[in-house]
S.K.: 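Here you go, one structure.
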Amino acid sequence: MSSRVASLDACRGIAVFSVFLYHIYELKVVPEGAAFFSGWPILGMFGVDLFYVLSGFFIVLAIIKPKEWSPIFFMRARIQRIYPAYLVSLFIIVLLSLFFRSGFSADEYLVANVFMHLTMTHNFLPGVGGSINGVYWTLGVEFPYYILMLGLAVFFRDKRFFLPLTIFLILLSLVWRHSIFVFGPQDAYWRFFSSSQLLGVLDAFGIGGLVAYVFHGEAGGESIKKYRWGILAVSLIILAFLLYMFERNSGEYWFVWSYSVLWRTFLYGAFGGVILGLVYMKGVKSYCLLGLDKLGEISFSFYLYHLVIMIFINNSLSDFHYLVRIFFITTCSLLVSWVSWRFVEKPFYTRKSDSYNGGVTICQSVA
C-alpha cells in the first residue's frame, strides 16, 4: 500500500472512529460527567460528512481518471464494493431482531421494511432509514449519489462542463437547505431528515469532486504538492475553529440559518483541504498513523456493525463499569469488522473493479 493510500485510509479511520465516539455519547455508554466524554464526542456526527467528501473525491476520480470509461464497470464496482457486506449485515441483523423480537416497530411491516433496504429506498420515508440499523440511512444517501453520477458522468468527463456542473450542484444543495429552513416546519428532526438527504449534501460530494479534479489535473499539481503541509495545517485550523463554533452552539444548530445552511459547506471545504493535503503526502509510514490506516481499511464493515454491537453489549453488561463495556464493544466491533472485511468484502475486490475506482484500492468511502 502506498503512503498516499495509507494517508487517506487513516482519514477514513478518523471518520469511522469519530462516528464510533458519537454513538458512545448518544447511547450514554459513559455516565454524564466523565472527563474524557464531557460533551465533545458529539462532534463525531460529522465523521459521516467526512465520508461524504471522501466519496465525492473517489467517485469523481473514478469517472475522470480512466482513459476509457464504462458505465457498466463503474456501477459493477460500486455494487461489488457496497452490497456484499451490506447484504450480509442486513441478513444477520434482521435475524437477530426477529430472534430477540426487537428492532421493528411492528412485525407486519418487516417485509416492506427489508424490501426498501434492499432497494436502497429506505430513506424515502422518515423513520425507516435507521429502523433496522441506525447507520443504514447514510447508504440511502450514498447509493442515489452513485446513480446521479452515473447519469452525469459524460459531462464530468468533459473539462468544459466539470466546473460549471460542480458549482451548480453545490449551489443546489445550498438552495435546498435554505428552502427547508425557510419553508419547512420549525422542527429539528424534520430539518435534519430533509437536509441530510442527497440534495442537502450535494455540496459535500461536490467539494470532494473538486479535490479530485485538482489532484488529477496537470495544472497546479506541483505547486499544491510543494505546499501540501501548509494546506493541511490551514485546513485543520479552520476545521478546529468550525467544530469549536458548533460545540459552543450545538443546541441552536437547526434553528440558526447560518449553521443549518452555510456552516456545513464551510465544514466540507475544510475536509476537502485536509484531503487535498493528505493526497500528496509521501513517505508517511504506517506506524506514524497510529493504526488509523488499518481501521480505515476495514471502516465500512466497522461502520455497518459497530452500532448493533454497541447496543447489545451496553444493554447486556449494563451492571459493569463503563470502561469494561467500552473494551468489549471495541474488541467485538474490531473482530466482527475484520471477519466481514476479510471474508465478505475482500473477495469482491478485483483489479478490473479497482481500475474503475480511480486506480487506488480504497476508492470507496461509505459511512
Side-chain angles (χ1 to χ4, degrees), residues 12-48 50-51 84-105 107 110 113-114 117 122 127-140 290-346 366-367:
R12 295 175 67 190
I14 292 172
V16 78
F17 183 67
S18 298
V19 175
F20 179 76
L21 287 180
Y22 171 68
H23 286 146
I24 283 180
Y25 174 85
E26 281 292 291
L27 292 175
K28 295 180 171 51
V29 177
V30 178
E32 293 186 12
F36 184 71
F37 289 86
S38 59
W40 66 264
I42 195 174
L43 300 176
M45 70 173 71
F46 301 113
V48 169
L50 176 54
F51 274 122
Y86 170 64
L87 291 180
V88 170
S89 72
L90 180 63
F91 176 75
I92 292 173
I93 293 169
V94 168
L95 283 183
L96 290 175
S97 297
L98 291 174
F99 180 78
F100 290 104
R101 307 298 295 176
S102 63
F104 301 101
S105 57
D107 289 346
L110 173 59
N113 199 329
V114 172
H117 278 77
H122 50 282
V128 177
S131 58
I132 294 179
N133 183 2
V135 302
Y136 283 165
W137 73 270
T138 60
L139 298 180
L290 305 177
L292 288 169
D293 57 326
K294 302 303 180 183
L295 178 59
E297 195 171 1
I298 63 171
S299 60
F300 183 42
S301 287
F302 189 91
Y303 183 77
L304 290 175
Y305 288 102
H306 80 276
L307 183 57
V308 173
I309 293 172
M310 189 179 297
I311 293 172
F312 178 79
I313 291 179
N314 194 44
N315 291 338
S316 302
L317 303 180
S318 58
D319 294 332
F320 286 73
H321 192 274
Y322 73 87
L323 291 178
V324 175
R325 280 178 280 149
I326 289 177
F327 172 79
F328 280 105
I329 289 169
T330 305
T331 302
C332 291
S333 296
L334 289 172
L335 178 61
V336 172
S337 302
W338 183 86
V339 171
S340 173
W341 171 80
R342 176 62 181 84
F343 298 103
V344 182
E345 287 189 66
K346 194 173 181 180
V366 177

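Note that the structure is a prediction, hence the values are computed from the model and not measured.
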S.K.: Could I get the full list of side chain to side chain contact (heavy atoms under 4.5 Å, CB included) partners for Ala85, not counting sequence neighbours?
M.R.: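 Expected list: Phe300, Ser301, Leu304, Ser340, Val344, Glu345.
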S.K.: Is Tyr136 reaching over with its side chain to a backbone N or O of Leu90, donor-acceptor style, under 3.5 angstrom?
M.R.: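 Yes.
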S.K.: Nearest 0.5 Å, what's the NZ-NE2 distance between Lys28 and His23?
M.R.: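 One gets 13.0 Å once the value is rounded to the nearest 0.5 Å.
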S.K.: Is the closest side-chain heavy-atom distance between Thr138 and Tyr303 below 4.5 Å?
M.R.: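 A side-chain contact exists here, since the closest heavy-atom pair is under 4.5 Å.
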S.K.: Can you name the side chain to side chain contact (heavy atoms under 4.5 Å, CB included) partners of Val128, sequence neighbours left out?
M.R.: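 For Val128, the residues satisfying side chain to side chain contact (heavy atoms under 4.5 Å, CB included) (neighbours in sequence not counted) are Asn113, Met116, His117, His122, Leu125, Ser131.
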S.K.: Under the side-chain hydrogen bond (donor to acceptor under 3.5 Å, both in side chains) test, which residues partner Tyr86, sequence neighbours left out?
M.R.: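 Residues passing side-chain hydrogen bond (donor to acceptor under 3.5 Å, both in side chains) with Tyr86: none at all.
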S.K.: Let me have the donor-acceptor pairs involving side chains of residues 326-338, under 3.5 Å, with sequence neighbours excluded, atom names and distances please.
M.R.:
{"residue": "Thr330", "atom": "OG1", "partner": "Ile326", "partner atom": "O", "Å": "2.8"}
{"residue": "Thr331", "atom": "OG1", "partner": "Phe327", "partner atom": "O", "Å": "2.8"}
{"residue": "Ser333", "atom": "OG", "partner": "Ile329", "partner atom": "O", "Å": "2.7"}
{"residue": "Ser337", "atom": "OG", "partner": "Phe302", "partner atom": "N", "Å": "3.3"}
{"residue": "Ser337", "atom": "OG", "partner": "Ser333", "partner atom": "O", "Å": "2.5"}

S.K.: Can any side-chain N or O of Arg325 pair as donor or acceptor with the backbone N or O of Ile313 at less than 3.5 Å?
M.R.: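 Not confirmed, Arg325 side chain does not pair with Ile313 backbone.
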S.K.: Listed by chain and number, what are the side chain to side chain contact (heavy atoms under 4.5 Å, CB included) partners of Ile311, not counting sequence neighbours?
M.R.: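 Once residues adjacent in sequence are excluded, the partners of Ile311 under the side chain to side chain contact (heavy atoms under 4.5 Å, CB included) criterion are Leu27, Leu307, Asn315.
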S.K.: Could you state the interatomic distance from NZ (Lys346) to CD1 (Ile298), rounded to the nearest 0.5 Å?
M.R.: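 Here the interatomic distance stands at 12.0 Å.
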S.K.: Can you establish whether the number of heavy atoms outside Phe91 located under 6.0 Å from its atom CZ is more than 12?
M.R.: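 No, because the 6.0 Å sphere around CZ of Phe91 holds 12 heavy atoms or fewer from other groups.
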S.K.: Between Tyr322 (side chain only) and Pro31 (backbone N and O only), is there a donor and an acceptor less than 3.5 Å apart?
M.R.: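 No, because the side chain of Tyr322 does not come within donor-acceptor range (under 3.5 Å) of the backbone of Pro31.
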S.K.: Where does the angle between the aromatic ring planes of Phe17 and Phe20 fall among parallel (under 30°), tilted (30 to 60°) and perpendicular (over 60°)?
M.R.: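 Parallel.
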S.K.: Would you say Val94 and Leu110 make side-chain contact, with heavy atoms under 4.5 Å?
M.R.: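 Yes. Closest side-chain heavy atoms under 4.5 Å.
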S.K.: Among Val19, Leu292, Leu295, which residue meets the side chain to side chain contact (heavy atoms under 4.5 Å, CB included) test with Ile14?
M.R.: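 Single side chain to side chain contact (heavy atoms under 4.5 Å, CB included) partner of Ile14 among Val19, Leu292, Leu295: Leu292.
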S.K.: So, for Ile93 and Ile132, which heavy atoms are closest and what is the spacing to 0.1 Å?
M.R.: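 That would be CG2-O, 3.6 Å.
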S.K.: Check ring-ring contact (aromatic ring centres under 6.0 Å, His included) between Tyr305 and all other residues, then give those that pass, not counting sequence neighbours.
M.R.: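 For Tyr305, no residue satisfies ring-ring contact (aromatic ring centres under 6.0 Å, His included) once neighbours in sequence are set aside.
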